[in-house]
Amino acid sequence: MKEILLTNKKHGMAVLLLTILLYIIAVVGLIFSATEEVIPGMVVCIVYLSLGWLVLPGLKVLGPQEALVLTLFGNYIGTLKGEGFYFVNPFCVAVNPAAKTQLNQSGDVDNGKNSTKVLAALGGGQNLNKEVISKKISLKIMTLSNTKQKINDCLGNPVEIGIAVTWRVVDTGKAVFDVDNYKEFLSLQCDSALRNIVRLYPYDVAQGVDTTGDGHPDEGSLRGSSDVVAARIRQEIQSKVSEAGLEILEARITHLAYASEIAAAMLQRQQASAIIDARKMIVEGAVGTVEMALERLNQSGMVELDEERKAAMVSNLLVVLCGNHEAQPVVNTGSLY
């Protein structure tokens with residue numbers, strides 16, 4: 001359902017002042033009619049004093065970035081947007097199915113405890129105003145932080161991941177009438193989109209994995225391509241919630257880790273990979289150092305080494321350079337043979 005904006009309803013203050021003025025006139029008229037025993041005048045004044053308050057429910061106050069969706073006898077008549085003091089048909093009813101929905105996000109209403117205390121202090125006559133306030137729709141930018149999910153990546157490894165989604169309402173008509181509860185709808189679509197995108201990526205870079213769908217392996221991963229993954233999640237959510245009048249501004253990964261049942265094994269795997277990489281670097285550096293030492297000795301002519309002595313020297317240098325512990329020097333005071 002397309003949103004209908006009510007732009008010519010900012011007459012709340014004029015209607016309020018007129019109502020107060022008419023009440024004063026009715027009170028004065030009742031006193032005068034009773035004094036002069038004018039029965040028709042007394043009847044008119046009493047009827048107005050009894051029914052004049054019916055215009056008050058039509059007074060609506062909205063703050064910045066707030067909206068109110070109104071229906072009249074079941075028909076959608078329009079939406080009030082923006083700050084102001086409005087007057088509409090007193091029989092209009094504000095509609096917001098998600099008014100009391102609690103999500104882990106900014107901008108949600110409270111759980112009713114504080115409202116109950118306020119109502120108890122003010123009295124039961126404030127129920128109508130509380131109902132109107134609770135039906136307001138916030139047009140501010142809000143952040144939804146869904147609970148962490150356990151999802152299998154493309155290699156079948158269980159991964160715990162959580163996201164924060166920044167969103168706002170852009171079409172109040174669609175948000176209220178095209179879905180049952182736009183907050184719950186958004187939360188479910190965030191969970192679904194997260195699951196659909198995460199299962200396309202490995203946690204770490206893996207060989208032979210195509211994450212883009214172009215038929216060629218790439219180096220995409222949840223840990224190394226978080227910005228790309230977040231952008232795809234945002235696009236996936238937006239494609240689902242457009243029909244609910246919502247706009248997704250941003251999606252960010254807030255938590256990413258292996259599931260607890262495989263976290264220890266994956267840590268050992270990462271440690272082993274780091275040790276292998278470090279050993280490769282140490283060996284490459286040691287070989288280069290030995291090669292440089294032999295070349296410098298040959299150039300300086302300080303000592304003549306045959307092949308057997310070169311092999312012994314290379315072996316000793318590699319043991320010293322590649323060992324896990326500090327070498328213990330041994331001083332040879334005699335001949336090698």
Please assess Asp204 against Ser221 for the test side chain to side chain donor-acceptor pair (under 3.5 Å), listing each intermediate value before the final yes or no. CA-CA 5 Å; Asp204 266 322; Ser221 66; 5.1 Å; no
Take Leu6 and Thr79 through the test side-chain contact (heavy atoms from CB on, under 4.5 Å) and record every step on the way to the result. CA-CA 6 Å; Leu6 301 176; Thr79 300; over 6 Å; no
One pair to check against salt bridge (charged side-chain N to carboxylate O under 4.0 Å, His left out): Lys150 and Glu160. What are the steps and the verdict? CA-CA 4 Å; Lys150 185 183 295 185; Glu160 288 184 351; 5.1 Å; no
Would Lys81 and Glu3 satisfy salt bridge (charged side-chain N to carboxylate O under 4.0 Å, His left out), going step by step from the backbone distance to the final call? CA-CA 11 Å; Lys81 271 188 177 182; Glu3 182 181 67; 3.1 Å; yes
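To the nearest 0.5 angstrom, Leu30 atom CG is 13.5 Å from Ile25 atom CD1. Interatomic distance, Asp180 CG to Phe185 CZ, rounded to the nearest 0.5 Å: 11.0 Å. Going from atom CG of Leu5 over to atom CG of Leu80 covers 9.0 Å, rounded to the nearest 0.5 Å. Between the NZ atom in Lys135 and the CD atom in Glu66 there is a gap of 15.0 Å [rounded to 0.5 Å]. With rounding to the nearest 0.5 angstrom, the NZ atom of Lys240 is 7.0 Å from the OG atom of Ser192. If you take CG on Asp171 and CG on Leu246, they are separated by 9.5 Å, rounding to the nearest 0.5 Å.
In this structure the side chain of Ile137 never reaches within 4.5 angstrom of the side chain of Leu68, judged on heavy atoms. Thr71 is not listed as a side-chain neighbour of Cys92, based on a closest heavy-atom distance of 4.5 Å or more. Counting heavy atoms from C-beta outward, Val95 and Tyr76 have side chains that stay 4.5 Å or more apart. Side-chain contact check for Ile141 versus Trp167: every heavy-atom pair is 4.5 Å or farther apart. Counting heavy atoms from C-beta on, the side chains of Leu194 and Ile161 come closer than 4.5 Å. Put simply, the side chain of Tyr182 reaches to within 4.5 Å of the side chain of Asn96, judged on heavy atoms. Counting heavy atoms from C-beta outward, Thr172 and Leu139 have side chains that approach closer than 4.5 Å. Here the side chains of Val159 and Asp153 are in contact, with some heavy-atom distance below 4.5 Å.
Qualifying salt bridge (Lys or Arg N to Asp or Glu O under 4.0 Å) partners for Glu250, counting only residues two or more places apart in sequence or in other chains: Arg252. Listed by chain and residue number, Leu72, Phe73, Asn89 satisfy the side-chain contact (heavy atoms from CB on, under 4.5 Å) test with Phe91 (two or more places apart in sequence, or in another chain). By the salt bridge (Lys or Arg N to Asp or Glu O under 4.0 Å) test, Lys140 is found to be paired with no residue, residues two or more places apart in sequence or in another chain being considered. For Ile39, the side-chain contact (heavy atoms from CB on, under 4.5 Å) test picks out Met42, Val43, with sequence neighbours left out. For the side-chain contact (heavy atoms from CB on, under 4.5 Å) test, residues two or more places apart in sequence or in another chain that qualify with Asn181 are Ala98, Thr101, Lys183, Glu184.
A continuous path of Ile, Leu, Val, Met, Phe, Trp and Tyr side chains, each step under 4.5 Å between heavy atoms, connects Leu22 with Leu56, placing both in one hydrophobic cluster. A single hydrophobic cluster is not seen to contain both Val170 and Met142; linkage of ILVMFWY side chains at heavy-atom distances under 4.5 Å, directly or through other members, places them apart. Cluster membership check: Val44 does not share its hydrophobic cluster with Ile46, using side-chain heavy-atom separations under 4.5 Å among Ile, Leu, Val, Met, Phe, Trp and Tyr. Residues Tyr48 and Leu51 are members of one and the same hydrophobic cluster, defined by side-chain heavy-atom contacts under 4.5 angstrom among Ile, Leu, Val, Met, Phe, Trp and Tyr. If you chain together hydrophobic residues whose side chains sit under 4.5 Å apart, Val93 and Val176 never meet in one group.
The two residues Ile233 and Ala193 make their nearest non-hydrogen contact at O-CB, 4.3 Å. A pairwise comparison of heavy atoms in Ala230 and Ala251 identifies CB-O, 3.1 Å as the closest pair. Here the shortest heavy-atom pairing between Pro57 and Pro90 reads CB-O, 3.9 Å. Across all their heavy atoms, Ala175 and Val169 have their closest contact at CB-CG1, 4.1 Å. Nearest heavy atoms, Ser226 versus Ile253: O-CD1, 4.2 Å. Residues Ser239 and Glu236 come closest through the heavy atom pair OG-O, 2.7 Å.
Remark: the Arg223 side chain and the Tyr201 side chain contain no N/O donor-acceptor pair separated by less than 3.5 Å. Side-chain contact of Gln238 with Ser242: a donor-acceptor pair under 3.5 Å is present, judged by distance alone.
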Which side-chain N or O atoms in residues 9-20 pair as donor and acceptor under 3.5 Å with protein atoms at least two apart or in another chain?
residue, atom, partner, partner atom, Å
Lys10, NZ, Glu83, O, 3.2
His11, NE2, Asn8, O, 3.0
Thr19, OG1, Val15, O, 2.7

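The only option from Ile197, Asp218, Val228 that meets the side-chain contact (heavy atoms from CB on, under 4.5 Å) definition with Thr211 turns out to be Asp218. For the side-chain contact (heavy atoms from CB on, under 4.5 Å) test with Cys190, the passing option among Ile237, Val241, Ile248 is Ile237; the others fail. Each of Leu222, Leu256, Leu200 was compared with Val229 under the side-chain contact (heavy atoms from CB on, under 4.5 Å) criterion, and only Leu222 meets it.
The backbone N or O of Asn157 lies less than 3.5 Å from no partner atom in the side chain of Tyr203, so there is not a single donor-acceptor pair.
Ion pair Glu247/Arg168 flagged as a salt bridge, since at least one NZ, NE, NH1 or NH2 atom sits closer than 4.0 Å to an Asp/Glu carboxylate oxygen.
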